[in-house]
Student: 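This is the structure, below, for whatever I ask next.
So you know, we letter chains A, B, ... as the sequences are listed, proteins then strands, and number each from 1.
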Number of protein chains: 2
Amino acid sequence: MARSIAERKDLLPALTELFRAEGFEGVSLSSIEAASGLARGSLYHFFPGGKAEMATAVLADVEAWFHEHVIAPLENEPAERGIATMADAVETCFAGGRKGCVFAIFALAGKSQRFSEHLKRFFSTWQEALAGALLRAGQSPVAAQAAAEVLIGDLYGALVLSRAMDDPAPFGRALARLRAHHAALGTALA
Amino acid sequence: MARSIAERKDLLPALTELFRAEGFEGVSLSSIEAASGLARGSLYHFFPGGKAEMATAVLADVEAWFHEHVIAPLENEPAERGIATMADAVETCFAGGRKGCVFAIFALAGKSQRFSEHLKRFFSTWQEALAGALLRAGQSPVAAQAAAEVLIGDLYGALVLSRAMDDPAPFGRALARLRAHHAALGTALA
DNA sequence: GTCTATAAAGCGATAGAC
DNA sequence: GTCTATCGCTTTATAGAC
């Protein structure tokens, strides 16, 4: 295990993989030691607040990644291209359905509701940005808002199915729906 | 706390609420003692296999409930009515979006993959039954299969959003979509 | 069938040497 | 900045009285 870690952000990838896969309660300090190659004392050097601070850092990091790869394209690119960029980013982030979402598992786990501010902000920001793009694509404000909820929900429902079936195919099909039919989807379900 | 518990199945409601809300790792024997009103020794009297056996019993119990209130109606009632019955059952089971699904949180939590047989069976049985109803409603085999996945995914995606936003409305809207547009939905997204 | 007491292991967190 | 050792508590599970 590489032992050249010097910065807090170098730990975030390992932490993210752990929390997205096991949830907050499922991650132990021992598992973090094993995954990061750092001993307990070093982890507390970077995160004096312990496990809760590590989870918060992961949520903030994923949020920042989404802002760059999803929110900003939705806001700044032409609507059709912004949504295509979003699809690519989501596919990358969730490894095409082979990996989970830390926000999803935290949302379903009751004790993780101490992170509810992050959860609400993540999904509402995303929905707002997507609705904005659909608005610019010509949909009505009401329809755009509804379609954004349906499109994001479709991705997360498929993610649950893919994790449950241990098969990335459902998530892949949700991505295909997003790419091929997002306009029809939005109007058909409004 | 009532102390007249004499049967294993009397414990299942409390266990179900615990596991669906906190996930497997989030539930402790102490919390089960508090929720059930029974002491440790009594719990192990009913579930010698401990927490894992309790979780398995919950999964089997929810599965049985779904078989009665969802699967059987989908198989035995006319398609339209079977789907309407399914919508009512799902609304009841998840308290209109105010409560989670034990299969969903287990699906997202990596360590709960030891229950993967239950997870796969639950969702595949449901999808098969729903696809069968859509088939009888006149859809093609391929379209029925795809639409069943989309309809179930729509519900679970909305459940994630409702839990994340702490707002039952997204799940309520998914139920409304299921009830009002399930035929259009199935064909629009095939 | 229900309980208390306890064992053995793991938990998150801290202290302090280097 | 990294580490080991340890504290105090909680965990799951068991034993055995009633």
Student: Between B/Arg8 and B/Glu53, does any NZ, NE, NH1 or NH2 come within less than 4.0 Å of an OD or OE carboxylate oxygen?
Tutor: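 Looking at B/Arg8 together with B/Glu53, the answer is yes, because their closest N to O distance falls below 4.0 Å.
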Student: Under the side chain to side chain contact (heavy atoms under 4.5 Å, CB included) criterion, do A/Gln139 and A/Leu135 qualify, and how do the steps go?
Tutor: CA-CA 5 Å; A/Gln139 297 206 1; A/Leu135 200 66; 5.7 Å; no
Student: Closer to the 5' end of DNA chain D via nearest nucleotide, is it B/Ser30 or A/Ser42?
Tutor: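 It is A/Ser42, whose closest nucleotide lies nearer the 5' terminus.
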Student: Over all heavy atoms of both residues, which pair between B/Arg136 and B/Glu75 is shortest? Give the atoms and the distance, please.
Tutor: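 What the structure gives for the nearest pair is NH1-O, 3.7 Å.
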Student: Return the polar atom pairs (N/O with N/O) between nucleotides 14-18 of chain C and the protein under 3.5 Å, or none.
Tutor:
none

Student: Before we go on, tell me: are the rings of B/Phe115 and B/Phe103 under 6.0 Å apart, centre to centre?
Tutor: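 Ring-ring flag for B/Phe115/B/Phe103: false, centres at least 6.0 Å apart.
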Student: Given B/Asp61, which partner from the list B/Thr56, B/Val102, B/Leu12 fulfils the side-chain contact (heavy atoms from CB on, under 4.5 Å) test?
Tutor: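 It is B/Leu12; the other options fail the test.
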Student: If you take all heavy atoms of A/Ala137 and A/Ala79, which pair is closest and at what distance?
Tutor: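 Smallest heavy-atom distance, with atoms named: CB-CB, 3.9 Å.
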Student: Search all heavy atoms of A/Gln145 against all heavy atoms of A/Ala131 and return the closest pair with its distance.
Tutor: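 Smallest heavy-atom distance, with atoms named: OE1-CB, 3.5 Å.
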Student: Provide, to the nearest angstrom, the distance between the CD atom belonging to B/Glu53 and the C1' atom belonging to D/dT12.
Tutor: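 Checked: the CD to C1' distance equals 14 Å.
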Student: Quick one: ring pair (Phe, Tyr, Trp, His ring centres under 6.0 Å) pairs with a partner in residues 51-71 of chain A, sequence neighbours left out?
Tutor: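 Qualifying pairs: A/Trp65-A/His69, A/Phe66-A/Phe122, A/Phe66-A/Trp126.
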Student: Apply the test side chain to side chain contact (heavy atoms under 4.5 Å, CB included) to residues A/Leu74 and A/Val70: give CA-CA distance (whole Å), side-chain angles for both, the deciding distance (0.1 Å), then the verdict.
Tutor: CA-CA 6 Å; A/Leu74 284 173; A/Val70 174; 3.9 Å; yes
Student: Below 4.0 angstrom, N of the basic side chain to O of the carboxylate: do B/Arg179 and B/Asp88 qualify?
Tutor: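 Yes, this pair counts.
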Student: Rounded to whole angstrom units, what separation is found between the CG atom of A/Asp10 and the C1' atom of D/dG1?
Tutor: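 Roughly 13 Å, once rounded to whole Å.
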Student: Taking CG from A/Leu43 and P from D/dG1, how many angstroms apart are they, rounded to a whole number?
Tutor: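 Going from A/Leu43 (CG) to D/dG1 (P), I get 14 Å.
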Student: B/His45 NE2 to C/dT4 P: how many Å, rounded?
Tutor: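 After rounding, the gap between these two atoms is 16 Å.
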Student: Dot-bracket for DNA chain C, 5' to 3', with Watson-Crick and G-U pairs under 3.5 Å, [ ] for crossing pairs and | for other-strand pairs: what is it?
Tutor: ||||||||||||||||||
Student: Could you give all pairs that pass the salt bridge (Lys or Arg N to Asp or Glu O under 4.0 Å) test and reach residues 24-39 of chain B, with sequence neighbours left out?
Tutor: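 Every salt bridge (Lys or Arg N to Asp or Glu O under 4.0 Å) pair that includes a residue of residues 24-39 of chain B, provided the two are not neighbours, is B/Glu33-B/Arg40.
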Student: Please state how far atom CD1 in A/Ile32 lies from atom P in C/dG10, giving the value in whole angstrom units.
Tutor: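 After rounding, the gap between these two atoms is 17 Å.
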Student: Taking all non-hydrogen atoms of both residues into account, name the closest pair between A/Ser36 and A/Leu11 and its distance.
Tutor: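 Looking at all heavy atoms of both residues, the shortest contact is CB-CD2, 3.7 Å.
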Student: Expressed in angstrom and rounded to an integer, what is the separation of A/Leu38 atom CG from D/dT4 atom C1'?
Tutor: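 These atoms are roughly 14 Å apart.
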Student: From C-beta outward on B/Phe46, which listed nucleotide comes closest to its side chain: C/dG1, D/dT2, D/dA13?
Tutor: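 Within the option list, the nearest is C/dG1.
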Student: Between B/Phe47 (CZ) and D/dT14 (P), how many Å, whole number?
Tutor: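 Whole-Å distance recorded here is 15 Å.
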Student: As a quick check of understanding, evaluate side chain to side chain contact (heavy atoms under 4.5 Å, CB included) for B/Glu7 and B/Phe46, giving each step before the final call.
Tutor: CA-CA 8 Å; B/Glu7 291 190 71; B/Phe46 292 115; 5.6 Å; no
Student: Give, ordered by number, those residues of residues 110-119 of chain B having at least one heavy-atom distance below 4.0 Å to an atom of DNA chain D; if nothing qualifies, reply none.
Tutor: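 Residues of residues 110-119 of chain B under 4.0 Å from DNA chain D: none.
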Student: By a strict heavy-atom criterion of less than 4.0 Å, which residues belonging to residues 11-29 of chain B are in contact with DNA chain D?
Tutor: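 The answer is B/Val27, B/Ser28, B/Leu29.
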Student: Regarding A/Lys51 and the six-membered ring of A/Phe24, is the cationic atom NZ or CZ under 6.0 Å from the ring centre and inside 45° of its axis?
Tutor: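 The answer is yes; both the distance and angle limits are met.
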